[in-house]
Visitor: 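Dumping the structure here so I can ask a few things about it.
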2 protein chains.
Amino acid sequence: MSLRGKVITLQDVAARAGVSRMTVSKVLRGAGNISAETRRRVKQAADELGYLPNNLAGSLSSRKSRMVAVIIPSISDIVFSEVLSGINATLRPRGLQTFIGESLFEPETETELIRAMLSFRPAGILLNGGTARSADAESLLARRTCPAIQLWDCDRRALDFSAGPSHEEAGRLVAGHFLERGLRRIAYVGAELKKDLCAGRRHLALKSSLAAAGIDLLSVTCEDRPRQAVTGRFLTEELMRMRPDVDAIHFLNDAMALGGLSYLHEIGLAVPDRISVVGFNGTSLANAVRTRLTTVDVPRTEIGEKAAQALLQMITEAPMVDSWQAPLELVQGNTTVAI
Amino acid sequence: MSLRGKVITLQDVAARAGVSRMTVSKVLRGAGNISAETRRRVKQAADELGYLPNNLAGSLSSRKSRMVAVIIPSISDIVFSEVLSGINATLRPRGLQTFIGESLFEPETETELIRAMLSFRPAGILLNGGTARSADAESLLARRTCPAIQLWDCDRRALDFSAGPSHEEAGRLVAGHFLERGLRRIAYVGAELKKDLCAGRRHLALKSSLAAAGIDLLSVTCEDRPRQAVTGRFLTEELMRMRPDVDAIHFLNDAMALGGLSYLHEIGLAVPDRISVVGFNGTSLANAVRTRLTTVDVPRTEIGEKAAQALLQMITEAPMVDSWQAPLELVQGNTTVAI
DNA sequence: TTAGTCGATGTTATCGATAACAATTCGGTT
DNA sequence: AACCGAATTGTTATCGATAACATCGACTAA
């Protein structure tokens, strides 16, 4: 398909306004000293011609960019999309445009995205910390010419700044919750732990905290099912078959926890009296209409905001710290009605 | 913050491999006839130097791009993120990278995104059809130099191709469902209809189909609350106060329907025996663990795939049709247990 | 009057690649 | 030996902007 003819360039605007290219460039960027009259003429000419600047040329020439690359594992996961909202809300008013890529938790896809995005020489790059990073990705990042920020993970301090919770703290928090209540037959239910490294670290922290108290954590996980409600339900069924006397379960996330909850409800186990259930993320707080799940609330939007603020600081060369640890809060639910 | 020194360019690779810039360019793009030995040397030199092509320069020079711009209203809305998955899955294997922007249903934000993305001269642009489009946006699109595709809306055929359902058909489908069952006290519950034009058209189609059967649709909507479960619940409460004898409700989407459902369950109204409830999207099919809501299923992933396929065709100049209408299916639920 | 200053605009080189075409090499023909 | 065409590699111009500096006139100060 072929679309209209002539592309309007600075030169065309300059000709129409009766000035040089440079003057047009300055007017449109709001740079330099240009008289009011000339500004008016140039703007009018640009409008009349419908001039659209070519960012490829502009950024190439100035070696500056207003684009920020963001790579997250999954767009449909509300967790990441809320982090993204925080990023957008902070960057957009400052004139920076975010470009989003989805890695699907796949290291190769992430690598390709990093390559593609860096090849546009962005003003900054924000990456999710949860994915395993390929050697190629590491070396691309090592040679970057813009600030890089790690999201969602504050334990692994790889780049210029990190914003996210300590997943190890999260694991300990949940362990403490169970131990305080004197629970001892504790299980963990999760999926795709090999892909989602953060979840993996929460799991390990839970396991070792419990081990320190002489408790052996029973983990029911699988790698080939999605980290969603249906899987939570399915694995909980398995768990209850294997060990019907379990009295506490920590789920990888809230979605899986709600799935598990529905099964526990169905077989008549009272939550939290007979069995304690804890999710992760706090997404259920916003979504649930009746069921209030006990969960670890993570300030998702704020993580995005802090990351974006850090980026802005780095772009403007301001001095700064190198990480922001998101506060975690264990929120008690009222789970008597299953979903 | 200042990041390392020298940026590696084609010239550096050329020098190290002992060939000209042009040869390096050809090798790395896989173009032209280059001897195996030269290819080897060039690739090795590029690897050793850690060369990363500068897409700004490349695309500027060739006036070609491998980037595809996608603008959706909301990233956290699972509906759009599933469309996106279909797009990504189709384009990525063909070497096209998608860059995503979030318009938040705001015409000005959408306009700025269109401007920013077009100024990178992408290979194509995919836009959601649901948002009102500003005059500026229209004129930017009119002057585009790449194919443009409209997503999620097949009624308004503005661009080079449209992929999505007919929202008017959806409204009629729901009307038919109610009428077949002899229901006559019918209500509609929705939010932000001014922003989401597609929802608005579904609503109007429902209203006029019912009017044709002599039925007056009662609409309970508001503009200042999110299109989510809590709002569905809240508006359903209002509705039931205003008109307790209502026997059918169509909700803007599944999330709102589930919110409404929980309230109906709470006040003891049996669904679907006493009152019929229909959602929209079919997202509940995947998410619900126990509650199966009656809903209009939209093939979200497939919409993304069809749109991406059309784009690929246009890029390669192949002849083509100008729209794909997504099939809709009204799926019966088993709603006896509220969420 | 004359240099100095400032504001407004223009000139030239450059950013890092690719297109289009030119040049070279080389084995095979006649 | 001279020539030819295919395969390979190089040269030059260009993409559309911006940086850095040059210019020019008007106005001020000595």
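Because the structure is a prediction, the values reported are computed rather than measured.
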Visitor: Of all the choices, D:dG16, D:dA13, C:dG16, which nucleotide is nearest to the side chain of B:Asn54 once you look at every atom?
Guide: C:dG16
Visitor: So, OP1 or OP2 of D:dG16: does either fall under 4.0 Å of a side-chain N or O from A:Thr9?
Guide: no
Visitor: Between D:dG10, C:dA17, C:dG10, spot the one nearest the side chain of B:Arg21, thanks.
Guide: C:dA17
Visitor: Heavy atoms from C-beta onward define the side chain here; which of D:dC15, D:dT9, C:dT9 lies closest to that of B:Leu60?
Guide: D:dC15
Visitor: Using whole Å, report how far CZ of A:Arg41 lies from P of C:dT9.
Guide: 8 Å
Visitor: Which of the following nucleotides, C:dG16, C:dA8, C:dG10, is nearest to the side chain of A:Lys26?
Guide: C:dG10
Visitor: To the nearest Å, give me how far apart CG (B:Leu56) and C1' (D:dC15) are.
Guide: 12 Å
Visitor: Are the side chains of B:Phe80 and B:Glu102 in contact, using a 4.5 Å heavy-atom criterion?
Guide: no
Visitor: Would you say the side chains of A:Ser139 and A:Arg143 form a donor-acceptor pair under 3.5 Å?
Guide: yes
Visitor: Is the shortest heavy-atom distance from the side chain of A:Glu112 to the side chain of A:Glu108 under 4.5 Å?
Guide: no
Visitor: To the nearest Å, how far apart are A:Gln11 CD and C:dT12 P?
Guide: 14 Å
Visitor: So, OP1 or OP2 of C:dT9: does either fall under 4.0 Å of a side-chain N or O from A:Thr23?
Guide: no
Visitor: Could you give the CG-to-P distance, from A:Leu28 to D:dA17, as a whole number of Å?
Guide: 9 Å
Visitor: C:dT9, OP1 or OP2 - any side-chain N/O from A:Thr38 closer than 4.0 Å?
Guide: yes
Visitor: Distance check: side-chain N/O of A:Ser59 vs OP1/OP2 of D:dA17, anything under 4.0 Å?
Guide: no
Visitor: For the pair made of NZ in A:Lys64 and P in D:dG16, what is the distance, rounded to whole Å?
Guide: 22 Å
Visitor: On a heavy-atom basis, which atom in B:Phe99 and which in B:Met117 lie closest, and how many Å separate them?
Guide: O-CE, 3.3 Å
Visitor: Rounded to whole Å, how long is the line connecting atom CG of A:Leu10 with atom P of D:dA17?
Guide: 4 Å
Visitor: Would you tell me if any nitrogen or oxygen in the side chain of A:Ser20 comes within less than 4.0 Å of OP1 or OP2 on C:dT11?
Guide: no
Visitor: How many Å lie between CG on A:Asn33 and P on C:dT5, as a whole number?
Guide: 17 Å
Visitor: Over how many whole Å does the gap from A:Arg39 atom CZ to C:dG7 atom C1' extend?
Guide: 12 Å
Visitor: Heavy-atom nearest nucleotide on DNA chain D for B:Arg63 versus A:Met22: which residue maps closer to 5'?
Guide: B:Arg63
Visitor: Evaluate the side-chain proximity of A:Arg115 to A:Asp136: yes if any heavy-atom separation is below 4.5 Å, no if none is.
Guide: yes
Visitor: When you get a sec, tell me which of C:dC15, D:dA19, D:dT11 is the closest nucleotide to the side chain of A:Arg29?
Guide: D:dA19
